[in-house]
Each structure stands twice: as structure tokens, then as C-alpha cells.
Amino acid sequence: MRTLVKNIKELVGVETSPKLRKQGKEMGQLETVKDAYLLVEDGKIKSYGPMSELKEVNADRVVDAAGRMVFPTFCDSHTHIVYANSREHEFVDKIRGLSYEEIAKRGGGILNSAKATAAASEDELYDMARQRLEEVMRMGTGAIEIKSGYGLSTESELKLLRVIRRLKETSPMTIKSNFLGAHGIPMEYRGHQEDYVDLVINEMIPRVAAEGLADFIDVFCDQGFFTVEDTARILEAGIKYGMRPKIHANEMAVSGGVQVGVKYNAISVDHLEQMGDAEIECLKGTDTMPTILPGCAFFLNLPLSPARKMIEVGLPVAMASDYNPGTSPSGNMQLILSMACIRYRLTPEEAINATTLNTAYAMGVSEEVGSIAVGKRANFYITKPIASYEYMPYAYGENKVERVFLNGVEV
Ligand code: NIG
Ligand code: FE
């Protein structure tokens, strides 16, 4: 099966020599081809180049993209889309002055979601998550990481992870699953949370591993949640079962989360609203992707992670949505792209790399997706007619994606 996309005004995010990630100055490099074609064969990118070099091809399908641009689909390396209820009442409480931590302390927040999620059936959760997946796919996301974490009991966590497994089986998107049993401390464990940590280690992790349900292991390592010691114990247990760490760190405080993540070779450390020089220093020369979640900082009015500083000292930066009911009820990566530029002062080139290739790295799939390169999956979107690629982050709030192709097939 061959598909030819022709007359592309500009093909963006091309890689002639593909990299697994881009860091420091490289983040400002974005290859493009003007007046281009893209040829797909059996779901993979076969070739691309200027229209003037297009030879006679026998294509089963020809798509004319005149006036439009083609981009690699977004990779969203941090989401929590398997949940039952929205939490707009807490949103109003926050407007009235309560903090995220105060709401959590009185049993709201993650525990509120856990209660509703425990009551929902696997089929109901699947239907809700599937709908969210469809929505983000239409807005240009092609790969996504999904966490458990609204179960907080062995059976409920397994239920959430089975939902993610079904999504993997039924969706054309590239999906990775992350076990986040240590997301919140259930009420009955308050004051002796080490017992909950024991449950995660001794019961949940072995069961999750036995069913092969998780690619990654996550911990919410932060003030008021899990300590650095809890985190180290859980990560060690997960690593024994082949789950690579990918953690929540430094959202509420300089928590030591970055350091413990780096120590256990986390593929990414995420949030990073609270970053000191020591945190930036310890990420240098490591394989860990610092991942910023602009939607969460926007929604909770948190300080902005020092993205520019990280790039200037040579680090890579990724940006994901954190789609979840409590701190970022949107998985719109076009908006994240805009926020990257507007709020974090990334250039459009850096922002595109931060939301495609670097997020692909942060979920372990950058050999397959994240850019337009020969042999990669043909995951791309065609924009509405737009004047330049800078228009993508510039025109925030507007849906600029017209058609989405995953594995070469229009979705
Ligand atoms: O990434 N910070 C921890 N976990 C989620 C929020 C979960 C919730 O409030 O439901 C996050 O922001
Ligand atoms: Fe999160």
C-alpha cells in the first residue's frame, strides 16, 4: 500500500540523520522541505523531498496538500486519561483561594478521582478514555503515554492498566503504559504511608509485572505525597521487574525528586516547576529527559519551569500535556506548543522539537516516531492552509490540524 502526499507547501520536522533527542542548541534546529512530497509505503515513510525531484510513482492513493503544511504528529509523553469524573468543583475552590495541596489534604484531589474511578467498571473507563484518545488524535497527537494512578488499590490499579492495554490493542496510536500506584496516599494509610509503599512494592508491582501491564514505573515524589526514600524503594522494585522509571518531581517543592530520578536512570523527570541550580546541574550528561507540563502550571498558576536556562546549559527539554482531571483537563498539544513559546520563551523550532522528538524520547519511542524520517512510522498531520510554520504556535486556541494520518492511514 502506497500513499503519496504531494504539493506540500512545507514539510516540517524532517530529519536527514535522525537523532534520538535534541538538546541545547540542537533544539533550535528544524529541517524543512518547501514544495515537498511525502511517500508512504506499508505504514512507514519511504521517501520525501522537493516536488521537483518526485519521480513517477505507482501510488494507491494520492493526497493533494496544496497550500497546507505537513508536520510529524505530536507525542504526548505524560497523561492520566483513564479516570471517571471531572473535578470542576475543585477548580472553583481553587479560584476561591484553596491550594492544590489543601484540597488534597482534606481528601479531595487524587483521592476524589480514585473514589469515582474505583466505582466505574472497566468497560466504562475504557469508553471514557477511548473518547479522550479520539479527541487528542483529531488535534494531532499520534503517540501517547498513559498512567494508572486513580486506582490506589491493587484491584483498581490493575483495572486501569487493563484499560490501557485495551487501548493499546484497539487504537492506531502508539501507546505506552506507566504504573503510578504511588500517586496519592489513601486516607486509611495517612500517618503510616510506608505501609502503602509496602503494598505497592510487595503486591501491586509483582501483579502488574505478572500480567505485563506496564512499560514504566512512576511515583509522585513531592512535598505532601511520596518522599525520596519511598520513591527510591518503589523505583528499585519496579526496575527489578523491567519497568523503567519515569517520575513526577518538583511540582510542589524542591523535593529531591530530580536527583532520585536521575540516580535510577529515569527516562524522564516531569513537572519541574521548582528547580534550583543543583537540579539543573544533576541532569547534565544523563539519559534523563527533563519534561515540563505547561498545562499544569497554567491551570494551577504555578511558577514556570526554567526551560530557557536548561536549554542554554545544553540540556534537552520536552513538553507534554499532563492531561488529567485535577491539574490539566486538556490534552491539546497545539496549545502546549503555543504555551512553550508564549510562556517559556522557546522559539517555534525549539517548541516543535520539545513536543515531538523529545517527548517521543521521553516515552521511549523516538526511534519510531517524533519526526519525518525515512523508515519511521508515517505519523503526520496536514494543516489547514497556513502561511508559515510559526503560525502553529502563534494562533493559539484555534485548531489548525485538518487531517491526521497514523501508520500511513487517515484516521
Ligand atoms: O501530574 N501531580 C500529580 N499528578 C497529576 C495530578 C493528579 C490529579 O490532581 O488528579 C499531575 O499533575
Ligand atoms: Fe502527571
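Counting starts at 1 for both ligands and their atoms, following the listed order. All heavy atoms count here, side chains included; hydrogens, waters and symmetry mates do not. As the structure is a computational prediction, the values presented were derived from the model and not from experiment.
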Taking [Y]'s backbone N and O only, do any of them form a donor-acceptor pair with [X]'s side chain (distance below 3.5 Å, no angle check)?
X	Y	result
Asp270	Thr291	no
Arg132	Tyr83	yes
Thr355	Ile352	yes
Lys94	Leu300	no
Thr383	Met69	yes

Is it true that Glu203 and Arg207 have a side-chain N and a carboxylate O under 4.0 angstrom from each other?
-> no
SB check Lys384 Glu398 (cutoff 4.0 Å) | no
Check: Gln29/Glu349 side-chain N/O donor and acceptor closer than 3.5 Å = no
Using a 4.0 Å cut-off to any heavy atom of [X], which atoms of ligand 1 qualify?
X	answer
Tyr150	7 (C), 8 (C), 10 (O)
Arg87	8 (C), 9 (O), 10 (O)
His78	1 (O)
Ile110	7 (C), 8 (C), 9 (O), 10 (O)

What do you reckon, are the aromatic ring centroids of Tyr381 and Phe71 less than 6.0 Å apart?
-> yes
Taking Asp218 as the fixed residue, which of Lys147, Lys246, His80 is the one that meets the side chain to side chain donor-acceptor pair (under 3.5 Å) rule?
-> Lys147
Is there a heavy atom in Phe225 that sits closer than 4.0 Å to ligand 1?
-> no
Would Tyr83 count as a contact of ligand 1 if the rule is a heavy atom under 4.0 Å away?
-> no
Can you pull out the closest protein heavy atom to [atom]? Residue, atom name and distance to 0.1 Å, please.
atom	answer
atom 12 (O) of ligand 1	Thr327 OG1, 2.6 Å
atom 11 (C) of ligand 1	Asp322 OD2, 3.2 Å
atom 2 (N) of ligand 1	Glu251 OE1, 2.6 Å

Does an N or O anywhere in His183 fall below 3.5 Å from an N or O of ligand 1?
-> yes
Taking 2.8 Å as the cut-off, does an N/O/S atom of His78 lie below it from the Fe ion (ligand 2)?
-> yes
Short check: any N/O/S atom of Cys296 below 2.8 Å from the Fe ion (ligand 2)?
-> no
Would you tell me which option among Phe220, Tyr323, Tyr100 has the nearest heavy-atom contact to atom 8 (C) of ligand 1?
-> Tyr100
How is the N/O/S atom of His80 that comes nearest to the Fe ion (ligand 2) named?
-> NE2
Which atom, among the N/O/S set of Asp322, is closest to the Fe ion (ligand 2)?
-> OD1
